[in-house]
Amino acid sequence: MGYNLPMFLENGKVRLHYEVSGSGKPLIMLHGSGEDMSIFSEALPLLEKHFTVYRIDSRCHGESTKKAPLHYDLIADDVYRFIVLLELDKPIVYGFSDGGIAALILAYTHPDSVSAIAVSGANTSPKTLKLLYRLGYMKLSVFTYDAKARMIATEPHITKEDLERIKVPALVMAGEKDMIKEEDTRFIASSIRTSRLLILPGESHSSYIIGSGKIADILVDSFTGENSLI
């Protein structure tokens, strides 16, 4: 597989920009709000030794379609269409923050499309953001009409019943100092029977992902070798 080969995929609704590199089992990487695939640059050298890595710019982000409706279920549907159109064989899907929410939704709406998921800093409801963060996004959504802030301030609405529909192995992660309430991270993990919970000491919402290769070590350890979830 080519190294960092940029491509575009027309899925009938949006044009998704993605890059693919490495070899092995397919691994899809989903970034968070206001970011793009470049947040995984530090993790890529190790990941591509073990996986064929597909990094996607979500709709309204990076080089993908800028003007489109923005909701978590639509991001999840984009990923599902991506898997189908590229005929990927049950990839592992990793998502950070907004990408983690999309990965959860994908796993319970299209359970046969993935072999496993991993999520970092995902939440089930706006109410599970720590108060200062929630108020900040609410303010942005009201005074700036920013679609990304509005989505975070008003979505998702993931229930225990939704999470119980996830049957594939799931790695559920958060930083000890995350912007998501730890009780919600634990709720997600406890509701998925096939999950493994990892609360990372000293880490914030993004410190082990952006500008760090730590997430690569975690994913390799969790999905290859003796400690593999799959």
Side-chain angles (χ1 to χ4, degrees), residues 1 5-22 24-33 35-37 39-40 47 51-124 147-148 151-152 155-159 161-172 188 191-195 219 223 229-230:
M1 190 68 69
L5 182 62
M7 299 181 181
F8 290 90
L9 181 71
E10 301 282 351
N11 75 2
K13 295 183 179 181
V14 296
R15 186 172 188 246
L16 292 180
H17 171 241
Y18 70 100
E19 293 187 358
V20 56
S21 62
K25 186 170 183 61
L27 169 68
I28 294 175
M29 304 285 285
L30 306 174
H31 60 78
S33 180
E35 302 158 353
D36 59 34
M37 66 173 69
I39 69 166
F40 301 122
L47 289 175
F51 307 100
T52 301
V53 183
Y54 295 82
R55 296 182 298 155
I56 303 174
D57 284 342
S58 298
R59 60 167 61 204
C60 304
H61 291 78
E63 296 183 42
S64 292
T65 295
K66 291 292 193 297
K67 294 182 179 180
L70 188 60
H71 301 284
Y72 290 119
D73 61 336
L74 295 179
I75 297 173
D77 188 59
D78 288 340
V79 180
Y80 173 67
R81 289 171 178 270
F82 183 88
I83 292 169
V84 171
L85 290 172
L86 290 186
E87 299 181 343
L88 301 184
D89 184 17
K90 293 192 174 184
I92 300 165
V93 177
Y94 167 73
F96 164 60
S97 197
D98 282 13
I101 295 169
L104 290 173
I105 294 172
L106 174 67
Y108 65 72
T109 55
H110 298 287
D112 295 329
S113 66
V114 299
S115 62
I117 61 169
V119 302
S120 293
N123 61 301
T124 61
K148 299 179 180 70
M151 183 173 68
I152 295 170
E155 302 177 25
H157 302 287
I158 298 173
T159 66
E161 290 72 25
D162 291 331
L163 295 171
E164 288 175 341
R165 289 160 58 193
I166 298 176
K167 306 302 181 185
V168 297
L171 176 63
V172 180
I188 293 170
S191 300
I192 303 173
R193 291 185 179 181
T194 51
S195 73
L219 292 176
F223 295 108
L229 281 162
I230 56 177

*Asks:* Looking at Gly62 and Asp57, what are the two nearest heavy atoms and their distance?
*Replies:*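 What the structure gives for the nearest pair is CA-OD2, 3.5 Å.
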*Asks:* Distance from Met7 atom CE to Tyr18 atom OH, nearest 0.5 Å?
*Replies:* 4.5 Å
*Asks:* Hey, could you give me the CD1/CD1 distance between Ile192 and Ile166, rounded to the nearest 0.5 Å?
*Replies:* 4.0 Å
*Asks:* Applying side-chain contact (heavy atoms from CB on, under 4.5 Å) to Val20 and Val53, what does each step give before you reach the verdict?
*Replies:* CA-CA 5 Å; Val20 56; Val53 183; over 6 Å; no
*Asks:* Could you pull out all residues at least two apart from Thr124 that satisfy side-chain contact (heavy atoms from CB on, under 4.5 Å)?
*Replies:* Thr128, Ile158, Leu163, Asp184, Phe187, Ile188
*Asks:* Output every pair passing side chain to side chain donor-acceptor pair (under 3.5 Å) with a member in residues 102-111, not counting sequence neighbours, ordered by first then second residue.
*Replies:*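 Passing the test, one end in residues 102-111: no pairs.
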*Asks:* Say whether, by atom type as modelled, one donor and one acceptor occur between the side chain of Ser195 and the main chain of Ala170 under 3.5 angstrom.
*Replies:*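 Judged by distance alone, no pair lies under 3.5 Å.
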*Asks:* Heavy atoms, side chains only, cut-off 4.5 Å: are Glu19 and Met37 in contact?
*Replies:* yes
*Asks:* In the structure I gave you, are the side-chain heavy atoms of Cys60 and Lys66 within less than 4.5 Å of one another anywhere?
*Replies:* no
*Asks:* Show me, pair by pair, the donor-acceptor contacts under 3.5 angstrom made by side chains of residues 84-99, not counting sequence neighbours?
*Replies:*
| from | atom 1 | to | atom 2 | distance (Å) |
| --- | --- | --- | --- | --- |
| Tyr94 | OH | Ser120 | OG | 2.8 |
| Ser97 | OG | His205 | NE2 | 2.9 |
| Asp98 | OD1 | Tyr72 | OH | 3.0 |

*Asks:* Any side-chain heavy-atom pair from His31 and Ser58 closer than 4.5 angstrom?
*Replies:*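 A side-chain contact exists here, since the closest heavy-atom pair is under 4.5 Å.
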*Asks:* Is the shortest heavy-atom distance from the side chain of Leu27 to the side chain of Met29 under 4.5 Å?
*Replies:* yes
*Asks:* Let's go through Leu16 and Thr65 carefully: what are the C-alpha distance in whole Å and the side-chain angles of both, what is the deciding distance for side-chain contact (heavy atoms from CB on, under 4.5 Å) to 0.1 Å, and is it a yes or a no?
*Replies:* CA-CA 7 Å; Leu16 292 180; Thr65 295; over 6 Å; no
*Asks:* For Thr159, check side-chain contact (heavy atoms from CB on, under 4.5 Å) against everything at least two apart and list the hits.
*Replies:*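 In terms of side-chain contact (heavy atoms from CB on, under 4.5 Å), with neighbours along the sequence ignored, Thr159 is linked to Glu161, Asp162.
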*Asks:* Looking just at side-chain N and O atoms, do Glu35 and His61 make a donor-acceptor pair shorter than 3.5 Å?
*Replies:* no
*Asks:* Nearest 0.5 Å, what's the NE2-CE distance between His71 and Met151?
*Replies:*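 Between His71 NE2 and Met151 CE, I get 9.0 Å after rounding to 0.5 Å.
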*Asks:* For Glu10, enumerate each residue passing the salt bridge (charged side-chain N to carboxylate O under 4.0 Å, His left out) test, keeping only those at least two apart in sequence or located in another chain.
*Replies:*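 With sequence neighbours excluded, Glu10 shows a salt bridge (charged side-chain N to carboxylate O under 4.0 Å, His left out) to Arg15, given in chain and number order.
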*Asks:* With a 4.5 Å limit on heavy-atom distance, are the side chains of Ile152 and Ser33 in contact?
*Replies:* yes
*Asks:* Do Leu74 and Leu70 come within less than 4.5 Å of each other through their side chains, counting heavy atoms only?
*Replies:* no
*Asks:* Check each of Ile75, Ile105, Leu106 against Tyr80 using the side-chain contact (heavy atoms from CB on, under 4.5 Å) test, and report the only one that passes.
*Replies:*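 Result: among Ile75, Ile105, Leu106, Leu106 is the only option passing the side-chain contact (heavy atoms from CB on, under 4.5 Å) with Tyr80.
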*Asks:* Which atom pair, heavy atoms only, marks the closest approach of Ala102 to Leu30?
*Replies:* CB-CD1, 4.5 Å
*Asks:* Enter the distance from Leu171:CG to Phe223:CZ here, rounded to the nearest 0.5 Å.
*Replies:* 5.5 Å
*Asks:* With side-chain contact (heavy atoms from CB on, under 4.5 Å) as the criterion, how do His17 and Asp36 come out once you've worked through the C-alpha distance, each side chain's angles and the decisive distance to 0.1 Å?
*Replies:* CA-CA 10 Å; His17 171 241; Asp36 59 34; over 6 Å; no
*Asks:* How long is the gap from OH on Tyr54 to OG on Ser21, to the nearest 0.5 Å?
*Replies:*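 OG of Ser21 is found 10.0 Å from OH of Tyr54.
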*Asks:* Which atoms form the tightest heavy-atom contact between Ala122 and Gly100, and what is the distance?
*Replies:* CB-C, 3.8 Å
*Asks:* Apply salt bridge (charged side-chain N to carboxylate O under 4.0 Å, His left out) to Asp78 and list each qualifying residue two or more places apart in sequence or on a separate chain.
*Replies:*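 Asp78: salt bridge (charged side-chain N to carboxylate O under 4.0 Å, His left out) contacts with Arg59.
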*Asks:* Heavy atoms, side chains only, cut-off 4.5 Å: are Ser115 and Val168 in contact?
*Replies:* no
